[in-house]
Amino acid sequence: MTGLLWIAASLVLLLILALWNRRSPRTYRDLPALARLKRELGYSVEAGTRLHIGLGHANLISSGAGSSLASLAMLRQLSERTSVGDLPPVASSGEASLALLSQDTLKSGYDAAGAPELFEPTTGRLVGLSPLGYAAGLMPLFQVEPVSTLILSGRFGAEAGLIVDSAERAHATVLGASDDLAAQSVLFASSHEPLIGEELFAASAYLGGSPSHTASLTVQDVMRWFVILVLLGGAAARLMGVI
Amino acid sequence: MIRILSVLIAVLAGSLVLLGYFLPALQPVQNMLLRWCIILVGVASFLGVFGLISVHADRIRRREKGTPYSFLLFISLAAVFFFTLVLGPNHPVAHAVFNAVILPTEGTLMALLAVTLIYAAIRLLRRRADLMSIVFLCTVVLVLIGSATLPFGELPLIGTVLQPWLTQVLALGGARGILIGVALGTLTTGLRVLMTIDRPYGGS
């Protein structure tokens, strides 16, 4: 029941903060990866090159669903901003249901940008059905299509290193974010700009999401401080022999 | 109308599955919804393969670079589909396809990955010469030296004290911190979907 209380508290806080943020917009701390992403978006549209978003291979009924949904929220913002470019953004997935959702999300972005006729269903692609199959399907793509920026966001494993290496050979800028610890260390070493830990979930708010997206970031911060205080309190109580 | 209906179904199904974890009375409903979801994921895989065919057919039609690989994909896809459909997934031919093609290919990719990661670590300082990169590289080197089987035996301080302390205290603490952050992010993302702020299932 503690879990349900935790969820209920987060929900109430999210509602209050979403309403509060409508009145006074928030400022964000600087995240170099997302600042660079904004620059790359502009470059991609101006230079007529392609933005590729790799959504990973998480199943929507697995533990990686959260990162996939956060990546889809980011994809929604990206497709709205870049849909009018010469080459439309492409989203690739290593899981079929995620590929279908990416098509729907891309279409929403085109609708919001007022260019629904430009949407091509093949821009939301399934490229493989296993982690290494996904990497193998994605690697040759950078030699065929003029990709200027690759954004890896979602559930990956160490195979992300292979994808990044192929993208770099095609001179693409790589931004990486994952909820998997092995992938985070690989992306830290190999990508141009990595996002660590929960920074993956901040992308949609940074890219111009609604006040509710900002509110969800504040809820994360409040809950994080609560966890820190509980951990410190627990450690202190243990040290004093209370528990 | 369809958009409103899809939102209603998504919110109702999501809420029931979530509450099923806390209220035992809702567990049968939760199990039923998850079983439906597994079936839908299977259907989505079938549709996804059609999407894959469509992308490669486009590539062949436009005579883009890499067309021979697209032909190869069609031939392999048709052959595997035919053999598995006619002979069944447990037939030796279906097993042979897995054991003789997919397994060695994935093994090769894993071997390539080892080389790629060493190369990435070497280039890290050229790409981002900051404190965190230096700490990262020093940790990697110390843990590797501490874990490696050396011809002259274990190194006295690194293998016995430093490497276990790095992996079991510092790295474990950091990993737990990151995972708590990811869990909180997942929670708020899930709530955003349940509150229809994010609608990945259609509608802007």
Side-chain angles (χ1 to χ4, degrees), chain A residues 1 3-4 7 10-11 14 59-61 66-67 69-70 72-73 76 96-97 99-101 104-105 108 111-112 121-122 124-127 129-130 132 135-136 140 143-144 158-159 161-162 164-165 179 181 184 186 188-190 192 196-198 200-201 204 210 212-213 216 219-220 223-224 227, chain B residues 18-19 21-22 34 37-38 40-41 44-49 51-52 54-55 58-59 64-66 69 102 105-106 109-110 112-113 116-117 119-121 123-124 127-128 132 136 175 177-182 184-195 197-204:
Chain A
M1 210 38 93
L4 193 59
I7 291 168
S10 306
L11 189 65
L14 185 58
N59 192 310
L60 286 172
I61 46 173
S67 63
L69 290 170
L72 286 171
R76 167 70 179 73
S97 53
L100 288 181
L101 288 181
D104 241 5
T105 306
S108 301
D111 288 345
T122 53
R125 296 172 188 171
L126 175 75
V127 293
L129 285 169
S130 68
L132 280 168
Q143 309 302 325
V144 179
E159 77 283 350
L162 290 169
V164 175
D165 185 59
D179 62 344
L181 289 170
Q184 280 182 37
V186 167
F188 182 83
S190 55
H192 292 96
I196 304 296
E198 74 275 13
L200 157 71
F201 299 91
S204 58
S210 65
S212 308
H213 287 94
S216 78
V219 172
Q220 270 184 61
M223 291 297 175
R224 191 187 303 112
V227 170
Chain B
L18 177 66
L19 289 173
Y21 285 106
F22 304 105
L34 287 176
C37 190
I38 291 165
L40 283 175
V41 168
S45 299
F46 199 61
L47 290 175
V49 171
L52 191 71
S54 166
V55 168
D58 255 9
R59 191 170 292 168
E64 284 178 11
K65 200 175 159 188
Y69 296 115
I102 299 173
T105 311
E106 294 203 342
L109 280 175
M110 288 304 282
L112 269 177
L113 182 63
T116 307
L117 290 181
Y119 184 56
R123 286 197 313 169
L124 177 62
R127 193 180 297 122
R128 274 196 317 274
M132 288 316 292
F136 182 86
I178 287 175
L179 289 177
I180 288 172
V182 168
L184 291 174
T186 304
L187 171 71
T188 52
T189 305
L191 288 177
R192 282 207 315 253
V193 175
L194 279 182
M195 288 169 68
I197 296 163
D198 290 341
R199 272 174 272 171
Y201 42 81
S204 45

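Sequence lines set the chain letters: A, B, ... in the order given, protein chains first and strands last, and positions in each chain run from 1.
Options B/Gly190, B/Gly177, B/Ala175, B/Gly51 differ in how many heavy-atom pairs under 4.5 Å they form with chain A, and the most are formed by B/Ala175. Interface check for chain B: of the options A/Leu60, A/Leu181, A/Val127, A/Asp179, the most heavy-atom pairs under 4.5 Å are formed by A/Leu181. Between chain A and the residues B/Val182, B/Leu124, B/Leu194, the most heavy-atom pairs under 4.5 angstrom are made by B/Val182. The choice from A/Gly197, A/Ser97, A/Ser216 that makes the most heavy-atom pairs within less than 4.5 Å of chain B is A/Ser216. Contacts with chain B were tallied for A/Leu100, A/Leu162, A/Leu72, A/Thr122; A/Leu162 has the most, counting heavy-atom pairs under 4.5 Å.
Interface residue A/Ser210: only side-chain heavy atoms are found under 4.5 Å from chain B. Heavy atoms closer than 4.5 Å to chain A are found in both the backbone and the side chain of B/Met132. Proximity to chain B involves both the backbone and the side chain of A/Leu4, based on heavy atoms less than 4.5 angstrom apart. In this structure, chain B has heavy atoms under 4.5 Å from both the backbone and the side chain of A/Leu69. For chain B, no part of A/Ala99 is nearby; none of its heavy atoms comes within less than 4.5 Å. Using a 4.5 Å cut-off between heavy atoms, B/Thr189 contacts chain A through its side chain alone, with no backbone atom that close. Only the side chain of B/Leu187 comes within less than 4.5 Å of a heavy atom of chain A; its backbone N, CA, C and O stay farther away. In this structure, the portion of B/Leu19 lying under 4.5 Å from any heavy atom of chain A is its side chain and not its backbone. At a 4.5 Å heavy-atom cutoff, the contact between B/Leu179 and chain A is made by side-chain atoms alone. Of the two parts of A/Leu11, the backbone and the side chain both hold a non-hydrogen atom closer than 4.5 Å to a non-hydrogen atom of chain B. With a 4.5 Å cut-off on non-hydrogen atoms, B/Tyr21 does not touch chain A at all. For B/Leu109, the parts lying under 4.5 angstrom from a heavy atom of chain A are both the backbone and the side chain. Residue B/Leu40: no heavy atom, backbone or side chain, is found under 4.5 Å from chain A. Using a 4.5 Å cut-off between heavy atoms, B/Thr116 touches chain A through its side chain atoms alone.
B/Val49 approaches A/Leu126 most closely through the heavy-atom pair N-CD2, 4.0 Å. Nearest heavy-atom pair, A/Ala158 versus B/Leu113, reported as atom, atom and distance to 0.1 Å: O-CD1, 3.2 Å. Across all their heavy atoms, A/Ser212 and B/Arg192 have their closest contact at O-CD, 4.4 Å. Closest heavy-atom contact between A/Ala189 and B/Phe136: CB-CE2, 3.8 Å. Contact between B/Pro200 and A/Thr105 at its shortest, heavy atoms only, is O-OG1, 3.7 Å. Looking at every heavy atom in both residues, B/Glu106 comes nearest to A/Ser130 through OE2-OG, 3.2 Å.
For the pair B/Met195/A/Leu14, a side-chain contact is recorded, criterion being any heavy-atom separation below 4.5 Å from C-beta on. Side-chain contact check for A/His213 versus B/Asp198: some heavy-atom pair is nearer than 4.5 Å. Side-chain contact between A/Met223 and B/Thr188 is absent, with no heavy atoms from C-beta onward closer than 4.5 Å. B/Phe22 places a side-chain heavy atom less than 4.5 Å from the side chain of A/Ile7.
Remark: the backbone N or O of A/Phe188 is paired with a side-chain donor or acceptor of B/Arg128 at under 3.5 angstrom. Although no hydrogens or angles enter the test, the distance criterion places no donor-acceptor pair under 3.5 Å between the side chain of A/Arg125 and the main chain of B/Leu52. The main-chain N or O of B/Ile180 is never found under 3.5 Å from a side-chain atom of A/Arg224 such that the two would form a donor-acceptor pair.
Under the side chain to side chain contact (heavy atoms under 4.5 Å, CB included) criterion, A/Asn59 pairs with A/Ile61, A/Ser62, A/Glu95, B/Val41, sequence neighbours left out. When the salt bridge (charged side-chain N to carboxylate O under 4.0 Å, His left out) test is applied to B/Arg123, the partners found at least two apart in sequence or on another chain are A/Glu168.
The distance from the CD1 atom of B/Ile178 to the CD atom of A/Gln184 is 5.0 Å, given to the nearest 0.5 Å.
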